[in-house]
Amino acid sequence: MTPSTSYLDSLNDVQRQAVVTTDGPVLVVAGPGSGKTRVLTFRIAHLIEQGAAPWEVLALTFTNKAAREMKERIEKVVGPRASKVWAGTFHSLFARILRVEANHIGYPTNFTIYDTDDSKSLIGQLIKELHLNKDLYNVNTVRQRISSAKSNLVTPKLYALNEELMTQDRMAKMPATQKIYAAYTARCKKAGAMDFDDLLYRLYELLQSNEEVLKKYREKFRYVLVDEFQDTNHLQYAIVRKLVQYENSPRNICVVGDDAQSIYAFRGATIQNILDFEHDFQKFHIQVFKLEQNYRSTEQIVQAANEVITYNRRQIQKRIWSDKGSGQKIGLIKATTDAEEGKRVADTIMEQKNRDHLHNREIAILYRTNAQSRVFEEYMRRYNIPYRVYGGLSFYQRKEVKDLIGYLRVVVNPQDEEALRRVINFPKRGIGDTTVDKILQFSNDQGISVWEAVRQIPVTSGTRSKINAFVAIIEPARRQLDTANAFEIAAQVAKQSGLEDFYKKDNSIEGLGRVENFESLLSGIQAFVTEESVIDAGTLPDKSLASYLQNIALLTDFDQNDAEQADHVTLMSVHAAKGLEFKSVFVTGLEEKLFPSFMSMDTPEGLDEERRLFYVAITRAERHLTLSFANARYRYGKMSYNEPSRFLNEIPTQHLDHAATLSNNTINTGPVNTGPPAARVSGFFRTTANATVPGIDPKDFKPSPNDQIKPGMVVLHLKFGKGKVIHIDGGIAHIHFNAVDNPDKKIMLKFAKLQILE
DNA sequence: AGGGCGCGATTTTTT
DNA sequence: ATCGCGCCCT
């Protein structure tokens with residue numbers, strides 16, 4: 001049978017090579033917008049068309065979204081067979097394997113997945129139990145150390161033997177970190193719980209310790225693909241290697257990545273893996289394909305990106321190119337304040353919507369830190385532009401959601417110590433910290449699970465009846481685990497636990513929001529039992545509570561693509577924008593110490609990562625790219641003044657829209673007397689003109705209450721000087737200033753500081 | 001057990 | 001500014 005290979009026609013030469021080279025190790029270096037996902041999905045489709053069984057293909061991604069996208073696109077080519085492909089995130093696919101094999105490593109197959117909060121809570125508990133000084137032992141720091149140890153295959157034993165780590169801990173005055181790590185590992189195991197790192201580490205352990213299982217999966221996964229390879233950590237690569245690197249292996253491994261888009265080094269990702277991959281598979285005729293044609297952006301944008309990235313030290317040589325024509329130059333907004341930046345971005349969006357007929361959904365505002373979103377939200381509302389902010393607290397991290405999930409977790413796995421601690425006395429039922437501590441201690445002393453401790457611990461009769469009240473919520477639900485579906489149990493627990501009433505009692509605005517979340521969790525569970533498809537089908541093909549919990553443990557907000565169709569402007573951090581594209585992109589807050597972040601700018605590595613982040617940001621744009629910065633912005637409650645970002649200077653001026661720059665330059669002022677002196681010289685962005693109106697000493701300036709400002713008044717503004725209020729309209733004052741080039745300003749009273757003169 | 005106050009730090013984030 | 005914390009007092 002000659003398989004249909006017409007899908008190959010839509011690929012360029014390099015892409016096609018990367019798709020049809022199905023034997024032996026392949027490294028695909030894929031620049032932004034170069035059709036990476038296309039290559040990956042077509043490659044999988046091609047494998048299947050060439051006779052591979054779908055279930056022999058393992059395709060690993062980082063996000064559920066990427067996995068879903070990939071599956072959908074494979075299905076378009078090969079049909080329903082696509083659902084049998086093992087395509088998913090590292091964590092979800094490994095969890096799926098562990099659900100089957102966990103007993104080989106001393107875990108129950110219904111193990112709980114601890115999220116980051118659970119890990120932190122347990123570490124906090126251990127710091128307490130080990131009588132360590134919590135001023136010296138910071139929970140976050142310890143968790144980081146443990147996480148990074150696991151990601152580097154360092155077990156508690158190896159940790160103790162590692163002089164470097166132990167010395168670091170001693171230097172940081174936390175010499176018992178290894179002890180915490182060891183205790184943490186034991187307690188997770190005792191609770192039948194794996195944290196996110198464990199889903200990887202325990203799989204590695206399994207493959208390492210059990211020849212039979214290793215052989216089984218080596219034979220099963222004849223084709224292995226890894227997306228976003230630059231984001232993998234050592235542990236992930238170790239597992240991949242374990243699966244494909246062995247005697248007589250066909251080594252059908254294909255990794256796809258872009259070193260220039262590595263922006264997660266801060267959480268353990270290492271582009272060293274790309275270099276190691278080349279090295280590790282060199283003698284097996286590794287083939288390297290570079291996808292350099294960019295199908296996303298115009299030349300101005302692509303060339304600017306190329307220039308910027310040359311400032312980085314180490315990189316795989318490549319130069320992306322585009323045949324989409326020169327396109328528009330890159331816009332630049334120089335604002336005096338963050339508020340003005342917000343306004344000018346909103347103005348430009350209005351302009352683009354009118355002139356270029358852009359839809360809201362084709363526009364994105366990107367920033368380095370989530371805190372920057374506020375001003376943009378403000379102006380989007382003011383201009384009536386629909387928008388959506390991504391990031392922040394995810395649905396599943398909300399307290400009211402975690403509370404109910406906590407109960408459900410105890411129902412499914414009563415050994416789950418973290419969930420138990422969370423809910424045993426919430427809503428309050430008179431079981432205090434002292435009692436909870438006693439239970440934990442009893443559990444540890446007697447070597448029994450926390451649940452057995454709850455039931456057996458000898459206590460006063462008053463406490464006993466309170467504990468029994470709690471047991472009476474859990475036990476009946478447990479008895480129904482095999483017969484009732486997830487929703488039936490959840491609805492019952494929501495009532496009996498008192499959680500539902502607790503939240504409904506609160507009539508504050510936030511309280512109503514919590515009720516809403518609580519209910520939408522319940523309806524989500526209902527949807528889970530009624531709907532056919534679930535995100536990662538195959539873990540458990542049933543509607544049980546256990547199955548539900550497994551499904552949501554690895555979900556994030558991003559996966560709730562409810563409003564994805566809606567026509568709104570997107571506001572998100574640059575990190576969150578990775579992998580996305582928009583017709584028009586605004587990269588905002590381009591100031592030293594913000595982007596690049598002050599947290600990263602003292603080391604060359606940190607700065608390089610910030611630059612890659614900038615590279616990612618600008619390559620999100622298809623046609624319109626606008627960069628912006630403010631001379632002054634509110635940060636941490638005070639005004640701060642920073643130089644324009646060095647990254648701006650790294651874009652050749654020929655790509656920048658000077659017309660726009662000049663016409664908007666009228667209010668490009670330096671800081672007003674206060675703030676650090678402008679020390680940095682080079683670079684055409686350096687602000688030279690000081691447009692501050694002479695004769696005003698900020699010390700004498702006393703802003704008047706904004707509600708006293710009325711039309712006809714003469715007011716003083718720190719930057720613009722004296723002006724006359726023409727009229728006020730919806731909180732916006734139209735003021736005519738005398739001393740600036742662009743005299744008519746619309747000023748929002750909410751933000752403005754104006755002093756009434758007459 | 002729980003509320004309140006004062007202090008300190010402040011990026012990015014998937015699973 | 002704001003949030004989270006830890007501690008102390010009721």
Side-chain angles (χ1 to χ4, degrees), chain A residues 60-67 88-96 113-120 124 127-128 133-135 138-141 144 147 150-151 194-201 203 227-228 231-233 235-236 262-269 338 366-375 390-394 396-397 425-436 466 535-536 550-559 572-579 589 593-601 606 609-610 612-614 616-617 633-640:
Chain A
L60 298 161
T61 67
F62 274 85
T63 63
N64 295 304
K65 188 163 175 256
T89 64
F90 279 90
H91 292 84
S92 74
L93 294 182
F94 292 175
R96 191 164 147 188
I113 296 173
Y114 273 180
D115 67 15
T116 309
D117 288 338
D118 295 319
S119 301
K120 286 198 281 196
I127 289 172
K128 203 167 86 185
N133 182 347
K134 53 187 169 322
D135 294 333
N138 174 282
V139 169
N140 282 305
T141 312
Q144 287 274 340
S147 171
K150 282 189 216 173
S151 303
M194 296 198 202
D195 66 18
F196 290 135
D197 299 314
D198 286 331
L199 293 176
L200 312 179
Y201 183 75
L203 182 79
D227 190 17
E228 307 279 15
D231 289 338
T232 51
N233 62 33
L235 174 54
Q236 286 162 319
S262 161
I263 56 175
Y264 286 114
F266 73 90
R267 63 177 197 213
D338 49 352
L366 308 183
Y367 33 77
R368 179 65 180 79
T369 67
N370 286 311
Q372 288 163 256
S373 74
R374 232 207 60 231
V375 194
Y390 291 80
L393 250 223
S394 108
Y396 294 106
Q397 285 174 335
N425 194 35
F426 188 86
K428 300 207 164 20
R429 51 178 69 89
I431 305 173
D433 281 352
T434 326
T435 308
V436 174
K466 287 167 182 163
I535 293 274
D536 190 19
Q550 286 168 31
N551 257 280
I552 60 150
L554 299 172
L555 280 193
T556 57
D557 243 15
F558 246 131
D559 304 316
M572 57 170 51
S573 71
V574 179
H575 282 93
K578 178 147 176 249
K593 300 186 183 163
L594 181 60
F595 197 175
S597 161
F598 69 97
M599 295 290 287
S600 313
M601 58 194 295
E609 177 142 318
E610 294 287 315
R612 292 193 294 268
L613 195 54
F614 183 57
V616 166
R633 75 170 59 239
Y634 268 108
R635 247 184 131 183
Y636 313 134
K638 326 195 266 283
M639 196 56 98
S640 66

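None of the values given here were measured: they were computed from a predicted structure. Both backbone and side-chain heavy atoms feed into the values below; hydrogens, waters and symmetry mates do not. Throughout, protein chains are lettered first and strands after them, A, B, ... in sequence-line order, and every chain is numbered starting at 1.
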Whole-Å distance separating the [atom1] atom of [X] from the [atom2] atom of [N]:
X	N	atom1	atom2	answer
A:K128	C:dG6	NZ	C1'	13 Å
A:D115	B:dT13	CG	P	17 Å
A:L200	B:dT14	CG	P	16 Å
A:K578	B:dT14	NZ	P	11 Å
A:L235	B:dT15	CG	P	17 Å
A:Y390	B:dT13	OH	P	14 Å
A:D118	B:dT15	CG	P	17 Å
A:R267	B:dT13	CZ	P	9 Å

Point to revise | Sugar-phosphate only, base, or nothing, as touched by A:I431 at under 4.0 Å among non-hydrogen atoms | key: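 A:I431: backbone/sugar contact only, no base atoms under 4.0 Å.
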Results of ring pair (Phe, Tyr, Trp, His ring centres under 6.0 Å) for [X] - residues two or more places apart only:
X	value
A:Y367	none
A:F614	A:F595, A:F647
A:F266	A:Y264, A:H575

Review point. Do any side-chain nitrogens or oxygens of A:N64 fall under 4.0 Å of OP1 or OP2 in B:dT14?
Key: no
Practice item. Tell me whether the OP1 or OP2 atom of B:dA1 has a side-chain N or O from A:N425 closer than 4.0 Å. Key: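 For B:dA1, OP1 or OP2 has a side-chain N or O of A:N425 closer than 4.0 Å.
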Exercise for review: Using a strict 4.0 Å threshold on nitrogen-to-oxygen distance, state whether A:K120 and A:D115 make a salt bridge.
Suggested key: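 No, no charged N to carboxylate O under 4.0 Å.
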**Study point:** Electrostatic pair A:D338:A:R635 at N-O distance under 4.0 angstrom
**Key:** no
Give every pair of a protein N or O atom and an N or O atom of nucleotides 9-12 of chain B that lie under 3.5 Å apart, one pair per line with the distance.
from	atom 1	to	atom 2	distance (Å)
B:dT11	O2	A:R368	NH1	3.4
B:dT11	O2	A:R368	NH2	2.5
B:dT12	OP1	A:N370	N	2.7
B:dT12	O4'	A:R368	NH1	2.9
B:dT12	O2	A:R368	NH2	3.1

**Study point:** side-chain hydrogen bond (donor to acceptor under 3.5 Å, both in side chains) against A:R612, all qualifying residues, sequence neighbours excluded
**Key:**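 Applying side-chain hydrogen bond (donor to acceptor under 3.5 Å, both in side chains) to A:R612 gives A:E609.
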Practice item. Report the residue (A:A553 or A:G430) whose heavy-atom-nearest nucleotide on DNA chain B is the more 5′ of the two. Key: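 Nearest-nucleotide comparison on DNA chain B picks A:G430.
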Review point. Can you list the residues that meet the salt bridge (Lys or Arg N to Asp or Glu O under 4.0 Å) rule with A:E610, with sequence neighbours excluded?
Key: A:R368
